[in-house]
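Here the structure is a predicted model, which means the values were calculated and not measured.
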Amino acid sequence: MDTATSQETGRISYREAVLDDVPALVPLVESAYRGDSSRGGWTTEADILQGQRTDPDGVAAVITAPGSRLLVVERDGGIVACCQLEHRGDAAYFGMFAVRPELQGAGLGKQIIAEAERRVRELWDVREMHMTVISVREELIAWYERRGYRRTGLTTPFPYGDERFGLPQRDDLEFELLVKPLG
């Protein structure tokens with residue numbers, strides 16, 4: 001088990017999720033992005049999307065998919081964050097990133113993304129990390145840019161009409177690909 005220590009976050013450990021984690025991971029992801037609880041942090045999407053962000057089947061699919069890992073982050077024995085890592089040829093995909101709202105803004109996200117980048121280089125020897133972010137999420141995109149990610153201008157449509165991804169509150173949503181070279 002890999003560990004790191006920080007005064008702000010206490011003892012942090014990382015492990016791969018198992019199916020028994022699904023009941024804890026779904027509400028974690030939901031709390032970071034949707035509903036009133038998400039407003040306790042800065043990553044909320046509550047003003048642009050309502051409804052669910054994910055569901056048990058979606059989280060289980062990430063855990064069990066070939067070439068996919070769902071990294072669980074624990075502090076002092078409790079789950080505080082997670083992120084998806086998926087092998088895609090010469091790149092890895094970073095997704096389903098969630099940090100408990102009350103812990104956001106204290107540097108934990110920076111630690112986790114650095115660990116995720118280290119792991120994908122070690123696991124798959126990839127040259128780039130890719131992610132998609134809703135293009136109107138300027139503050140979130142700026143945070144990733146400060147971590148070395150760059151906007152590509154390549155977009156894919158938001159899946160309007162598929163309630164598994166939420167209920168859009170505006171009609172201009174799309175995903176933009178962000179890319180970071182991994183040294």
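- Met96 and Phe165 fall into different hydrophobic clusters, where Ile, Leu, Val, Met, Phe, Trp and Tyr residues are linked whenever their side-chain heavy atoms come under 4.5 Å apart, directly or through other members.
- Put simply, CG on Leu85 and CZ on Phe94 are 7.0 Å apart, with the number rounded to the nearest 0.5 Å.
- For the pair Glu115 and Arg118, the salt-bridge criterion is met [side-chain N within less than 4.0 Å of a carboxylate O].
- No path of Ile, Leu, Val, Met, Phe, Trp and Tyr side chains, each step under 4.5 Å between heavy atoms, connects Val18 with Val62, placing them in separate hydrophobic clusters.
- Using modelled atom types, no side-chain atom of Glu86 and backbone atom of Gly67 make a donor-acceptor pair closer than 3.5 Å.
- Between Glu128 and Arg88 there is no salt bridge, since no side-chain N of the basic residue sits under 4.0 Å from a carboxylate O of the acidic one.
- Other residues, nucleotides and ligands contribute only 12 or fewer heavy atoms inside 6.0 Å of the CZ atom of Arg127.
- The distance from the CD1 atom of Ile134 to the CD1 atom of Ile48 is 4.5 Å, given to the nearest 0.5 Å.
- The distance from the CD atom of Glu117 to the CE atom of Met129 is 5.0 Å, given to the nearest 0.5 Å.
- Side-chain atoms of Tyr93 and Thr132 include a donor-acceptor pair closer than 3.5 Å.
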Begin from the C-alpha positions of Gln111 and Tyr14 and carry the test side chain to side chain contact (heavy atoms under 4.5 Å, CB included) through to its verdict.
CA-CA 11 Å; Gln111 282 182 258; Tyr14 301 89; 4.1 Å; yes
Could you give me the CA-CA distance, side-chain angles and deciding distance for Arg164 and Asp162, then say whether side chain to side chain contact (heavy atoms under 4.5 Å, CB included) is met?
CA-CA 5 Å; Arg164 292 177 302 160; Asp162 189 340; 2.5 Å; yes
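- For the pairing with Tyr149, the side chain to side chain contact (heavy atoms under 4.5 Å, CB included) check across Ile113, Ile141, Leu177 returns one residue only, Ile113.
- Gln169 places a side-chain N or O within donor-acceptor distance of the main-chain N or O of Leu167, the cut-off being under 3.5 Å.
- Atom CD1 of Ile79 is separated from atom OG of Ser13 by 10.0 Å, given to the nearest 0.5 angstrom.
- No chain of hydrophobic side-chain contacts below 4.5 Å, direct or via other Ile, Leu, Val, Met, Phe, Trp or Tyr residues, connects Leu173 to Tyr33.
- With values rounded to the nearest 0.5 angstrom, Arg147 atom CZ is found 8.5 Å from Lys180 atom NZ.
- Here Ala17 pairs with Asp21, Leu25, Ile63, Leu70, Val72 under the side chain to side chain contact (heavy atoms under 4.5 Å, CB included) rule; sequence neighbours left out.
- Considering Glu145, His130, Met131 in turn, Met131 is the only one that fulfils the side chain to side chain contact (heavy atoms under 4.5 Å, CB included) rule with Leu178.
- Judged as a salt bridge (Lys or Arg N to Asp or Glu O under 4.0 Å), and not counting sequence neighbours, Glu163 has no contacts.
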